[in-house]
Amino acid sequence: MPELPEVETARRSLEPHVVGRRIIRVRVRERRLRWPVTPGLAARLSGLTVHAIRRRGKYLLFELDRGHLLVHYGMTGSLSVCPPTRRAGKHDHVDLALDDGTTLRFHDPRRFGAVLWVAELGRHPLLASIGLEPLEGGFTAQALARLARGKRQPVKSFLMDGRMVAGVGNIYASEALFAAGVRPSTAAGRLSRARWERVARSIVDTLSQAIEAGGSTLRDFVGGEGKPGSYQERHAVYGREGQPCPKCGGPIGHTRQSGRSTFYCPRCQR
DNA sequence: AGAACCACCTGGCAGC
DNA sequence: TGCTGCCAGGTGGTTC
């Protein structure tokens, strides 16, 4: 469950269970994730209290007494709060036992996710070059246009580039561009100011509405406390090739951009 | 310098 | 059934 709305939904649902809890024990069953789990994670985390859970793009950041625990879901990662009796399954790679008897468990079949301890967030290379945060101040048409200046890259790829915009992935790039009426293949550097205004607003609206709906739940089920989201029912174009466009009724088109599926309405998006 | 492609994994599904 | 090939919400590094 990995784009911004899904990560934000996870953050909100974990917060009441995890903030204020002390980490009692750590168990790493599989350290081969996107990057190897920080060596000595158990010694690093044991005894520390979680003071807050923040999000930057698609990263979850657990603020501790010392440093942060950084979690990324990759394509198939998830966290759940389990009762102590729950047996670990095949892809349950990391457990944090908390002082109320529950376990915060990281599950990730494809192992594209990450679990890292970070001393100083500001200096960490994974966070240093992250782009504009769509739901915070500064996410404006002007800022986007400035970043895109001179780029011939398709606007959809631009929006999915984490160094430009944080947290927008394949689903929400397609959905936001549909809402804005902009063709995904348009060169980012050639969008007019008026179109950037529409794109910026569409990104904010799309992400906000998705968060309200609890995100999109596709092929995976959300374990633990997390309930599945329902925003997939409101996808206008994503995964809907050949089905009628909600605006004009024409068939939704499908194409491939730098290896990723793109869905759009050829009539409504110019 | 900028944009496309590859690699990293497992699982589910369609088609034979 | 079981096999094969293809597809999947990410992203850093490599190649062109």
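Reminder, nothing fancy here: chain letters follow the sequence lines and each chain counts from 1.
Side-chain atoms of A/S80 and A/H107 form no donor-acceptor pair, as typed in the model, at a separation below 3.5 Å.
Taking side-chain N and O atoms only, A/K90 has a distance below 4.0 Å to OP1 or OP2 of B/dG11.
Contact annotation for A/R260: base contact, defined as any heavy-atom pair under 4.0 Å involving a base atom. Nucleic acid contact class of A/S157 (heavy atoms, under 4.0 Å, all strands): none. A/G169 comes within 4.0 angstrom of the backbone, heavy atoms only, and of no base. Among the protein residues, A/R152 comes within range of the sugar-phosphate backbone only, with heavy atoms under 4.0 Å from sugar or phosphate atoms but none that close to a base.
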Legend entry - From CA spacing to verdict: side chain to side chain donor-acceptor pair (under 3.5 Å), A/D65, A/H51: CA-CA 7 Å; A/D65 303 293; A/H51 295 292; 2.7 Å; yes
Legend entry - Evaluation steps, side chain to side chain donor-acceptor pair (under 3.5 Å), between A/E6 and A/Y172: CA-CA 11 Å; A/E6 291 75 37; A/Y172 297 103; 2.6 Å; yes
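Side chains of A/Y73 and A/L60 form a contact here, defined as non-hydrogen atoms less than 4.5 Å apart.
Proximity note for A/M160 (side chain, C-beta onward) versus C/dA8, C/dG10, C/dG12: the nearest is C/dG10. For A/R111, whose side chain is taken as the heavy atoms from C-beta onward, the closest listed nucleotide among B/dT10, C/dA8, C/dG10 is B/dT10. Listed nucleotides B/dT10, B/dA4, C/dG10 differ in distance to A/S258; the shortest reach to its side chain belongs to B/dA4.
Remark: the separation of the P atoms in C/dT14 and B/dC9 is 16 Å, to the nearest Å. Remark: the separation of the C1' atoms in C/dG9 and B/dA3 is 22 Å, to the nearest Å.
In this structure, A/F112 packs face-to-face on the six-membered ring of C/dG10, meeting both the 5.5 Å centre cutoff and the 30° plane limit.
B/dC5 atom P lies 16 Å from atom CG of A/D161, rounded to whole Å. A straight line from CD of A/Q232 to P of C/dA8 spans 17 Å, rounded to a whole angstrom. Protein atom OH of A/Y59 is 8 Å distant from nucleotide atom C1' of C/dT11, rounded to whole Å.
The base of B/dC9 sits within donor-acceptor range of the side chain of A/R110, with an N or O pair under 3.5 Å.
When both pairing distances are held under 3.5 Å, C/dG9 makes no Watson-Crick or G-U pair with any nucleotide shown.
For an aromatic pair to be called close, the ring centres must be under 6.0 Å apart, and A/F139 with A/W196 fails this.
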